[in-house]
Amino acid sequence: MSTSNFFLRYYVSHKDKFDHEFLEIKFQPDKKLRCANDSDYKDNVVIRKEAYIYKSMMEELKRIINGSEITKQCDALWPPPDQEELEIVIGYEHVSFTTSKIGSLIDVKQSKDSEALRIVYYLVHDQEVSSLRCY
């Protein structure tokens with residue numbers, strides 16, 4: 001499968017009465033990694049970075065996603081969507097998931113569909129996708 005059949009977008013946000021902070025990470029078909037981080041850090045300026053990544057990294061991301069079987073899941077029973085999004089295009093499949101921010105495995109275990117949500121938690125938190133930052 002070529003990298004032109006692959007796209008991954010992860011978005012997580014936090015809103016309170018004073019501001020809206022977010023982190024968005026995209027792996028695009030042209031092997032470009034794009035990252036945007038908006039927080040109170042550095043006077044609330046949106047930090048944006050881009051870089052091209054190796055084809056082998058894109059292949060490894062696809063391998064992890066295929067192995068997780070995330071594209072076979074459904075987010076209908078997950079906590080109400082408001083803070084966390086995961087979008088994947090792989091081959092001819094296109095899935096998009098939304099849920100409340102997953103803070104810990106306790107959040108996963110207390111959900112109505114803990115098995116499917118555990119896959120997302122593993123992909124996003126254990127694979128450290130969410131630990132990418134734009135500085």
Next item on the list: Decide side-chain hydrogen bond (donor to acceptor under 3.5 Å, both in side chains) for Gln83 and Tyr11; before the verdict, give the C-alpha distance in whole Å, the side-chain angles of both, and the deciding distance to 0.1 Å.
Entry: CA-CA 8 Å; Gln83 293 181 322; Tyr11 174 87; over 6 Å; no

Notebook entry, point to check: Does some side-chain heavy atom of Phe27 sit less than 4.5 Å from a side-chain heavy atom of Leu61?
Noted result: yes

Next item on the list: Give, for atom CD of Glu24 and atom OG of Ser13, the distance between the pair rounded to the nearest 0.5 Å.
Entry: 10.5 Å

Next item on the list: For residues Glu85 and Phe97, determine if any side-chain heavy atom of one lies less than 4.5 Å from a side-chain heavy atom of the other.
Entry: no

Margin query: If you define the side chain from C-beta out and look only at heavy atoms, does anything of Cys35 sit under 4.5 Å from Leu23?
Written below: yes

Check: Do Ile70 and Lys72 come close enough that some side-chain heavy atom pair is under 4.5 Å?
Finding: no

Checklist line | Contact summary for Val46 and Asp38, nearest pair of heavy atoms | finding: CG2-CG, 3.6 Å

Item checked: Heavy atoms of other groups near Lys109 NZ, more than 12 under 6.0 Å -> no

Check: Taking it one step at a time, do Lys31 and Lys55 satisfy side-chain contact (heavy atoms from CB on, under 4.5 Å)?
Finding: CA-CA 7 Å; Lys31 294 185 281 208; Lys55 182 179 178 182; 4.0 Å; yes

Item checked: Ile53 and Met58, any side-chain heavy atoms less than 4.5 Å apart -> yes

Note to self: Counting C-beta onward and ignoring hydrogens, is there a side-chain heavy-atom pair between Glu87 and Tyr10 closer than 4.5 Å?
What the structure shows: no

Margin query: Leu8 and side chain to side chain contact (heavy atoms under 4.5 Å, CB included): which single residue from Leu86, Ile25, Ile90, Val89 fits?
Written below: Leu86

